[in-house]
Amino acid sequence: MHSSLHSAAIAGAGALPVEVQVDLSLGLPGFHLVGLPDLACNDARVRVLTAIRNSGYQLPQKKITVNLAPGDLPKHGSGFDLAIALGVLGASGVLPPEQPPSALAVGELTLSGNVLPVRGVLPIALEARRLGFTTLIVPEDNACEGALVQGLRVHGARSLAEAAEVWCGTSSSRPAVPSASEATPSPLDLTEVRGQQTAKWALEIAAAGGHNALFIGPPGAGKTMLARRLPGLLPAMSFEEAVEATSIWSVAGRLKANAGLLTARPFRAPHHTISVAGLIGGGSPLRPGEISLAHRGVLFLDELPEFGRAALEALRQPLEDGEVSLVRARDRASMPARFMLLGAMNPCPCGHAADGVPGRCRCTLPAQESYRRRISGPILDRFDLHVEVRQLSSADLLASPEGESSAAVRARVERARGIQRERFRGLAGVYCNAQLGGRSLRRLCDATREATAKLGELIDGMKLSARAHDRILKLARTIADLQGAGPVTDEHVGEAAALRALDRPVAEAPPARESALVIARKVAARKSPGASPGEVPREGA
Ligand SMILES: Nc1ncnc2c1ncn2[C@@H]1O[C@H](COP(=O)(O)OP(=O)(O)O)[C@@H](O)[C@H]1O
Ligand SMILES: [Mg+2]
């Protein structure tokens, strides 16, 4: 006696179909499960038989063999329980042998026969629809999540008996409907931040174009405060972006029961003691890391130099590609990780190197240098904006808070994003300027002849890398979009280059506004007196 039905396995942030084949034969009663199951999956042998018995079904004393095909795909977790149990019931003749070919089932069973929620139901539903299935049987708590996918009848089951009724077509339950997603506005408003006009302007540009930004300044100047107000400036996700982000959160097991689509962009701020696997993803089974949980949103790394060197360096490839490729033992997967990187740091260990007050900074030059070395050149190069946040003056501090609200800034950001959406129509998955690659950048960023000439001057005069060139052009494009979408002018290029203090020559930096980088270059220049500041090698590049 034989039956075969369909389930699905999680692979990366998506799902793959798995055929559950069940065979009952004469021989010593027993339960054999093959097809690369991991420990949790293999325990299905115990859960399924007990759940079947406790649900009131009688099983013949036979040898049960279950194969999860394809055999070379590792199967993780307990989500195959429900499909295996339905298959055993079908093969033993308890359920009618003709089962619907267009249904797919996932869910974990308890010993009493109840169905527990599983991870990844949204990507499973998307894959089921793609493959032409019409019915999906999932745990009750996951039903609203599955129902987000239109064109599929999604039934939530509380128990094996309920799932069996849906399977046989005798259930009177109606397909689930998706929950409405409610967007809760960020409670943190920009009006609470006094002064800091340049930093606020930089934050607006970063939000408008999805650019990476690094805030550098003394302790207590408001870096963390500013960064935490970024979500209030960002527009809600489009439907496609929301489906991508919600799928990742579903695979990570972070969605609440019966949740709707995520609409607000994720804002992730992991502590600096995070491991490499925690940041970029890993483990067995492979789980998304913070960079994937921040997909289509923001990853905020506060106290940037305190993060482990390996963790920071691991960000380099995903920052360029918008996804991360993970390989662990037999598992390999690529997870989306298209996020805005926001960093905050002090200019030196005591934090006062850039205050401009003689004697205030108590750090030795080697201490300053080793602090700076914690962030390599290639990582610094990936921040489009290097923003100096200065200590507030007493006038700013004591004045009553005023200035634009987050809502007013967000209106401009939304307008600029609308311009970008029009520009990138036809480019799948591209929503903002920061995402543009080399070729499409040149094609889509129309710039005046003067702007091109100014960029050329910058490249030759400051020996900029090709990446720096592209990032300055993208930043200039966003500044132009905030002003209404005309071509990029030399003024926009000048402003973009100034906001990327990394590429500002030391001589141009006024002493009171020196950035950590400018200071670092001076330190390095002092160590090798023959070299001019421009020749200080970029560390690690
Ligand atoms: N620009 C500012 N306007 C109003 N309050 C500020 C400002 N900067 C700092 N503060 C106050 O100081 C506290 C510490 O600021 P924080 O953002 O944590 O500083 P940093 O991250 O630069 O060390 C904030 O919680 C806030 O109360
Ligand atoms: Mg801080």
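This chain uses plain numbering: 1 for the first residue, then up along the sequence. In listed order, ligands and their atoms are each counted from 1.
- In terms of protein heavy-atom proximity, atom 14 (C) of ligand 1 is closest to Gly220 CA, 4.3 Å.
- Formation of a donor-acceptor pair under 3.5 Å by the Gln420 side chain with backbone atoms of Ala416 is found in this model.
- Near-neighbour remark for the Mg ion (ligand 2): protein N, O or S atoms under 2.8 Å are Thr224 OG1; waters not counted.
- The ligand atoms of ligand 1 that sit less than 4.0 angstrom from a heavy atom of Pro219 are 23 (O).
- In summary, the side chains of Ser179 and Asn258 do not present any donor paired with an acceptor at a separation below 3.5 Å, with no hydrogens or angles considered.
- A donor-acceptor pair shorter than 3.5 Å can be found between the side chains of Asp331 and His76.
- Ranking the protein heavy atoms by distance from atom 18 (O) of ligand 1 puts Thr224 CB, 3.8 Å first.
- Of the protein's heavy atoms, none falls inside 4.0 Å of atom 25 (O) of ligand 1.
- Atoms of ligand 1 found under 4.0 Å from any heavy atom of Pro218 (numbered from 1 in listed order, with element): 22 (O).
- Residue contacts with ligand 1 for Ala344 are absent, since no atom lies close enough (heavy atoms, distance under 4.0 Å).
- In summary, the side chains of Thr224 and Asp302 do present a donor paired with an acceptor at a separation below 3.5 Å, with no hydrogens or angles considered.
- Residue contacts with ligand 1 for Leu392 involve side-chain atoms from C-beta outward but no N, CA, C or O (heavy atoms, distance under 4.0 Å).
- With hydrogens left out, the protein atom closest to atom 4 (C) of ligand 1 is Glu192 O, 3.5 Å, a heavy atom.
- With Leu122 as the fixed residue, the side chain to side chain contact (heavy atoms under 4.5 Å, CB included) test singles out one of Leu255, Val149, Val251: Val149.
- Here the CE-CD1 distance, from Met335 to Ile280, works out to 10.0 Å after rounding to the nearest 0.5 Å.
- With values rounded to the nearest 0.5 angstrom, Arg390 atom CZ is found 7.5 Å from Thr198 atom OG1.
- By the neighbour-count criterion of 12 heavy atoms within 6.0 Å, atom CD of Gln435 is densely surrounded, having more than that number from other residues, nucleotides or ligands.
- Remark: Ile248 CD1 to Arg296 CZ distance equals 9.0 Å, nearest 0.5 Å.
- Nearest protein heavy-atom contact of atom 6 (C) of ligand 1 is Met225 SD, 3.4 Å.
- Contact between Gly217 and ligand 1 is absent, with no heavy atom of the residue lying under 4.0 Å from the ligand.
- For the residue pair Glu145 and Ser250, a side-chain donor N or O sits within less than 3.5 Å of a side-chain acceptor on the partner.
- Of all protein heavy atoms, the one closest to atom 1 (N) of ligand 1 is Arg194 O, 2.9 Å.
- The closest side-chain donor-acceptor pair between His492 and Gln483 falls under 3.5 angstrom.
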Kindly indicate, with the supporting measurements, whether the criterion side-chain contact (heavy atoms from CB on, under 4.5 Å) is fulfilled by Arg338 and Glu244.
CA-CA 10 Å; Arg338 175 80 59 194; Glu244 290 173 20; over 6 Å; no

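- The contact set between ligand 1 and Val193, taken as ligand atoms under 4.0 Å from a residue heavy atom, comprises 1 (N), 3 (N).
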